[in-house]
Each structure stands twice: as structure tokens, then as C-alpha cells.
Amino acid sequence: MNVVESSAQRQLDEAQALIERLQQHPAERAAASFRRIELLNDLGRRNEALAACTRLLDEYAARPDVGVVVPCCQALRLLAHMLRQMHRPADALATLDRLIAAHGQRSEPAIREHIAHALYQRTWWIDEPEARCEACDAMSDLLDSQPDAALDAWRVEARLLKAEIEHHRGLPQDALATLEAVIERFDGSSTDPGVVLRVARARLASVLNLRELAQHAQAQVMCLAVADQIEAGLADAAPELRIEGVRALTLFFDGFGIDEHANRAELVGWLLDRYGRDESSQVRRMAVRRAYDWSVGLREQDDGEVALAACERLLATFGADNDAAVQRTVASALLNKGFVLLERLNRPEEALAVYEQLAKQLKDTPTPELQDTLSKANAGRQACLKRLRKADTELPPELRDEVRDKVKQGRKHGDAGESREAIALFDEVLAAYSASPHPELRRQCARALVHKAFCLVALDRFAEVIAAADAMDARYGADPSTEMQETVALCLQYKSTALDRLGLHDDEMRVHDEIVARWGNSELPDLRGRVVGALFRKGATLRQTGQLKAAVACYDEAVARTTGAREGTLQLWAAKSMINKAKALDKLGDPVGQAKAYRALIARFGDTGDAALRERVANACEWLAEAEGRQGRVEAQRAALEAALGRFGTALSAEQRTRLTRELQALKAKAFGRAAKQAFDRVVRRKA
């Protein structure tokens, strides 16, 4: 017996002695009896705990005094919980119904709290969505029959749960009506912090439903209503309410169009002003993460000065924060600042100072994630030193701007599908300046060549794609700068695509191997993405040509190279690799390995907020259900379907949601049919 079990046994003995001494004190005796039941359950002696529950309820069920009723309510709730754990859901629900029927009309606060908990718990234990909605209505009706304001938080909670169920069922209009009724009834009618918090959550839930109904202007107004109301009493707001304030501003941010930079920048500033130095670490974590994502988004749009300003604002707000999670994001922000200075603004001296500061801060860090950041900082430092060593003669500003504008205009044509017009502009730049030794002209020619390769792929001119990639490697493959290496790697990726389209799979896989060999040890996110992408594509080609075991090995290496990665691109490659590995294992006749691969994907990315990853996880849940079904593991199949609908209901397409719901209902119907047949067979055997 370990220390914990010994302590629990000692407490159990003390509770039993107390019960025997309190023969003439029913309330204290009932409380001691319930404590003994809890201890028995904690020790895993569930059958004894069930029997003790029955004895307690039999002994005191008829007594009306509060001191006895409260332990009875506690015993019934614990009994329902144990029955649920024993896979007896119908008995668990019946136990909660027994509690509600026996004491649902009592007015004492201590009893009312147990009734409210039981009502809410009961709704969660009902699987069928329509029945769960009816349970929410029943909870509301019972609570509304007792006009005590202390129950308002539970009244709102019941309606919030109903709206959530309606939302997951694909009924945003019904969910919105439920939420509007909650807001109209309870907004401003109570100063109870629990009610105020839940009304704010009702408003933010309304935002999601309004957006599903394409009522975007109303959704934005609702976000501001929450943010403004919380701001008005920010000094006195509870941490949970301030978290909803951050969520409101985040949802408002997401409602802006991708080109509304000024509005988004103003909103991030608002977020940092109000919540950047909040007492709650969770609030600060949410605020710094949104500010970081904003600065990275600006960097990816080549808006260097604005991206730098966003980094500076984040660092000024959170640089001295002591929370470990905030500091990890601050380290990532410093890394981002160095990248912007070096690659977007070509200011290597300033970038070098940032990388050296970060490397000094993280020199002795034991955290794997920060060690990864340290490696990237050192790689950035080396890139700065190489850039500074290069001779950089002056380039006339007019010529520099002319070349940059031509490349940008070519990119716009390419993005618009006007590939021939784009190629004409790129060819002008290449014809005029491809022989120039100047770093800026070399950089623009490399950009022109890689974007030309992209346009040639779009036009199915695959032989020219291969020629462009070979020219890129010959001219710029030895250039050590980060941007050049990333550009060469991307062009080789286009070459592999062209070889694949031409059916030259052996040559294609040699290109993938070359990408892995040349950049496999890089710490830069873009190059790591190219390497993992090459492994994924090689695995896909091997799978296509029937080399399934080799394909699985490629996918395993791709996943291994993304362990601990925070970048969305790398995480998406990992998810895709896990899915393709599972499909290869299916073809190899390994259903156990297939299911294991899907479960690994769900475990790793099940809580992601990224839409693309969430879609893969939802699909993995569906495919896991299929794999479990083929193995005859019906309960596991059902659990996978429930997980897909419960966690990703609103993220699924209407077609997929309908399909999964239909499959789940069919499984439940089969289970009911089997149970009915077993019951019938037992009756027949008894009569025989």
C-alpha cells in the first residue's frame, strides 16, 4: 500500500468510527457517511461505494431536514457519476432524475445548488441532440419556477448550452434566437459576476452564428458591445470576464477584411493598451499571441516597416513580463524582428544586434522550445555576418525602384492568373540584369526567375520549368544568404512538380532527396518547410508507385522533423504526413497501425485553432471511425464519430456533418437492436 492509499484508508477508518459515534445526530452522521462513500470511491472500491450509497439513501430518504437532504443530494450525484463510469448511462440519468424529482422544488440554497448541478449534468449525458435541447428547456422551466435571483447564472447557463447544441446541429438561426432571448432577459438585470460573464459569452456566441448567417456587420457590432461593456468596468472585472474582452477584440479583428490594415493595426493597439499588462497571466498570453500573429502576418505581406513597428509595440508591452508562456512568445517576436530587419528591410547591422541579444538571453535555456529558438537566432546571426561581409556597391534609387516594381507587377499578374503577361515582365528583368553582380539586382532576378517558374507550371510548360530551376541553381545555388537559399529551394520544388507531371518519378524523387540533403539541417522555418514538403511528396510518389513501406518511412521522417514545431506550415505538413501514412498502412493490410496513426494525429492537433489543421483532425476522426468499424470495434467507432461531431461540428461541411450524424445514428440503432435482441433471448431462455 503506497502513502496515498495508506492516508485514504486511515481517513476511511476515522469516518467509520465517527458514524458509529453519531447515532443520535442524523445530520452529522449522514455527512460522515457521505465522506466514507467518497473515500471508498477514491480507493477504487466502487462496489462498496455503491452499496454505501444505497444504505445512506435508504436510511435518510424520508427525512426532510436540510442537514440530511444535502448529503443525500451529494450521494445521488456521486452515485450517478460512478454509474456513468461503469458504462451504465441510463442508470446514471435515472439517478439524476431521482434527485430532481425528490428535491427539485426545495427552496434552500444548499439544496438548490445541487439541483442546478444535476440538471446541467443531465443535459451533458444525453447523446441525442434534440433530446439534449429538450433537457435544456426542462432545466430552464424548473429553474424559472423558482424566482430566486441566485439561480440566474444557472438559467443563463442552460440557455447557453441549448444555443451551443443548436449551433453544432447546423441551426444558427435557432441558436441566435436562443441567445437573443438570453441577452434581452438578463443583460443589465443582475450585478452577479457569474451572470455578467455568461451574458458576455452569449454575445460572443451570437457573433459566430451571425457570421454563419453572413450577417457580418451585426457580428462586428456585437463584438464591440462586449468589448465596450467590459472596458467600462475593466478595473473591477473578474479575470474570466477580461478573457472574454480579449476574445471579443480577437473576433472583431477576424471580422475585418485582409486588406483593412489600418483598422487591424488600431485594434491590436487597443488590445495591448487594455490587456497588455493585465494581472491575469492567461489574459496576457492571449493578448501577446494575437499581437505576435499580427506582426508575422505583416511580415508575410512584405510590409517590412509596418511589421517592424508591430514587433516593437509587442516588445515594449511584454518585454519585461515574467510569465514563462509570454516570454516564449516574446522570444519568437525577437526572432521575427530580426528576420524583418534582415530580409525585408535589408538592415543587417540592426538585425545582428537583435539576434545577438536573443542568443545571449537564451544561452543556458533548458526548455526544448526555447533551444529551438536559440538555434534559429544563431542561424540568423550567421546570415547577418555573411550579408555584412559582402561588398554592397551603391545602386541608383531610380534603377532599384524600377526593377522592384517590375517584379512586383509580374507577381500581381501571376496571382491574377495572367501568367503570360507575368512571364514577359520577368523576362525583361532577367534579360537586362541577370549578369549583374550587385546583390539587390541578383535578389530581384532570383525572385523573377522563381515566379516565372511558378507561372510556367500554371501554363503546363514543364520542360521550361525544369530549365528555369536548373538556371536558378546554377546562378544562385552557392549564394549563402537566407533569401537566396529559400528561393533556390522553392524553385527546385517547382522542378519536382514538373517532373511529376511528366511522369518522370525517379528524377522527381532525386530532386526531393537533393532538397533534403542540402537543407535538412537548416533551422530556418521556410527551408524546414521545403524539406518536410519534399519528404511528404516523395512519400506520395512512392505510395503512387506501390512502394508502400518506403512511403511510410518517408512520412515518419517528415513527422519526426516537425516535432515541437510551432509554425503552422510545418504542423500542416505533419498532419498531412500522418494521414497519408495511415492510408498507406491501410493498403498494407495493417488496420491497427492505421488507427494508431489517426489517433496520433488527433492527440497532437485535436485542440488546434488553425482551420486547416482542424479540418484534417475532423477528417481523421471520421477515417478512424471507419478503421475501427472494419476491425469490429463498434464502441471505438462510435467514440470517434462522437469526437468528430462534438469537437468540430461547426467546422465540418454540411455534407460531412450529415454523413457523420447518419453513421452515428445507425450505430446507435444497431446497438439498441442488439440490446433488445439480448433481452428477448433472456426472456425466451427463462420461459424454456
Side-chain angles (χ1 to χ4, degrees), residues 246 276 280-297 299-300 307 310-311 314-315 317-340 342-343 351 354-383 482 519-533 535 556-578 600-610 612-614 616-617:
V246 178
S280 166
S281 59
Q282 187 174 357
V283 170
R284 299 198 308 278
R285 290 171 190 173
M286 294 175 67
V288 72
R289 192 70 222 178
R290 170 53 67 179
Y292 174 73
D293 290 343
W294 165 239
S295 66
V296 172
R299 182 195 80 187
E300 297 304 325
C311 288
L314 183 156
L315 294 168
T317 305
F318 298 102
D321 199 296
N322 293 323
D323 181 75
V326 173
Q327 278 303 306
R328 286 196 294 272
T329 305
V330 167
S332 296
L334 281 168
L335 203 62
N336 183 43
K337 179 182 176 181
F339 182 91
V340 170
L342 180 64
E343 302 298 347
V354 173
Y355 286 131
E356 288 184 337
Q357 174 195 348
L358 182 56
K360 184 178 180 181
Q361 289 177 1
L362 302 179
K363 182 178 179 182
D364 298 317
T365 180
T367 309
E369 184 177 343
L370 289 178
Q371 288 175 349
D372 180 59
T373 303
L374 173 60
S375 298
K376 293 174 182 177
N378 285 328
R381 180 178 176 277
Q382 291 301 318
T482 299
W519 296 289
N521 295 324
S522 174
E523 295 294 338
L524 297 170
D526 282 355
L527 288 175
R528 288 179 69 194
R530 300 292 171 220
V531 169
V532 177
L535 288 166
D556 282 339
E557 184 177 353
V559 173
R561 284 177 177 271
T562 62
T563 302
R566 296 178 65 188
E567 294 85 0
T569 303
L570 293 176
Q571 291 181 336
L572 189 58
W573 281 125
K576 290 179 177 179
S577 298
M578 289 175 173
L601 169 61
I602 295 164
R604 181 169 172 183
F605 301 115
D607 296 324
T608 182
D610 181 84
L613 277 175
R614 198 165 55 238
R616 264 91 184 164
V617 177

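Keep in mind that what you see is a predicted model, and the values were worked out from it rather than measured. In this chain, residues are counted from 1 in sequence order.
If you take CD on Q382 and OH on Y355, they are separated by 12.0 Å, rounding to the nearest 0.5 Å. Interatomic distance, S295 OG to K337 NZ, rounded to the nearest 0.5 Å: 11.5 Å. Taken from OG1 in T329 to CG in L315, the straight-line distance is 11.0 Å, to the nearest 0.5 Å. In this structure, CD in Q327 is found 9.5 Å from CG in L362, a value given to the nearest 0.5 Å. Rounding to the nearest 0.5 Å gives a distance of 11.0 Å between OG of S281 and CG of N322.
Across every non-hydrogen atom of L334 and V354, the tightest pair is O-CG1, 3.3 Å. Nearest heavy atoms, M578 versus A600: SD-C, 4.2 Å. The nearest pair of heavy atoms linking L314 to A333 is CD2-CB, 3.6 Å. The minimum heavy-atom distance linking V559 with T562 is given by the pair O-OG1, 2.8 Å. Closest non-hydrogen pair, N378 versus A359, comes out as OD1-CB, 3.7 Å. Nearest heavy atom pair, residue L342 against residue A383, reads CD2-CB, 3.9 Å.
Residue L358 forms a side chain to side chain contact (heavy atoms under 4.5 Å, CB included) with just one option from Q361, K360, E356, and that option is Q361.
For R284 and F318, the positive end is not near the middle of the six-membered ring at less than 6.0 Å and at most 45° from its axis.
In this structure, T563 contributes its side chain and A560 its backbone to a donor-acceptor pair below 3.5 Å. Of the possible polar contacts, none joining the T367 side chain to the E369 backbone as a donor-acceptor pair under 3.5 Å is found.
Here the side chains of F605 and R616 are not in contact, with every heavy-atom distance at 4.5 Å or above. Taking the side chain as every heavy atom from C-beta outward, R528 and L524 never approach each other to under 4.5 Å. Residues R299 and N336 meet the side-chain proximity criterion, which asks for heavy atoms closer than 4.5 Å.
Counting non-hydrogen atoms of neighbouring residues, nucleotides and ligands closer than 6.0 angstrom, the CD atom of Q282 reaches no more than 12 such neighbours.
Between R561 and E557 there is a salt bridge, with a side-chain nitrogen of the basic residue lying less than 4.0 Å from a carboxylate oxygen of the acidic one. One finds no salt bridge joining D526 and R530 here, because no Lys/Arg side-chain nitrogen approaches an Asp/Glu carboxylate oxygen to under 4.0 Å.
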Item to check | Worked verdict on R285 versus D323 for side chain to side chain contact (heavy atoms under 4.5 Å, CB included) | outcome: CA-CA 8 Å; R285 290 171 190 173; D323 181 75; 2.9 Å; yes
Item to check | Pair R328-T365, side chain to side chain donor-acceptor pair (under 3.5 Å): steps then yes or no | outcome: CA-CA 11 Å; R328 286 196 294 272; T365 180; over 6 Å; no
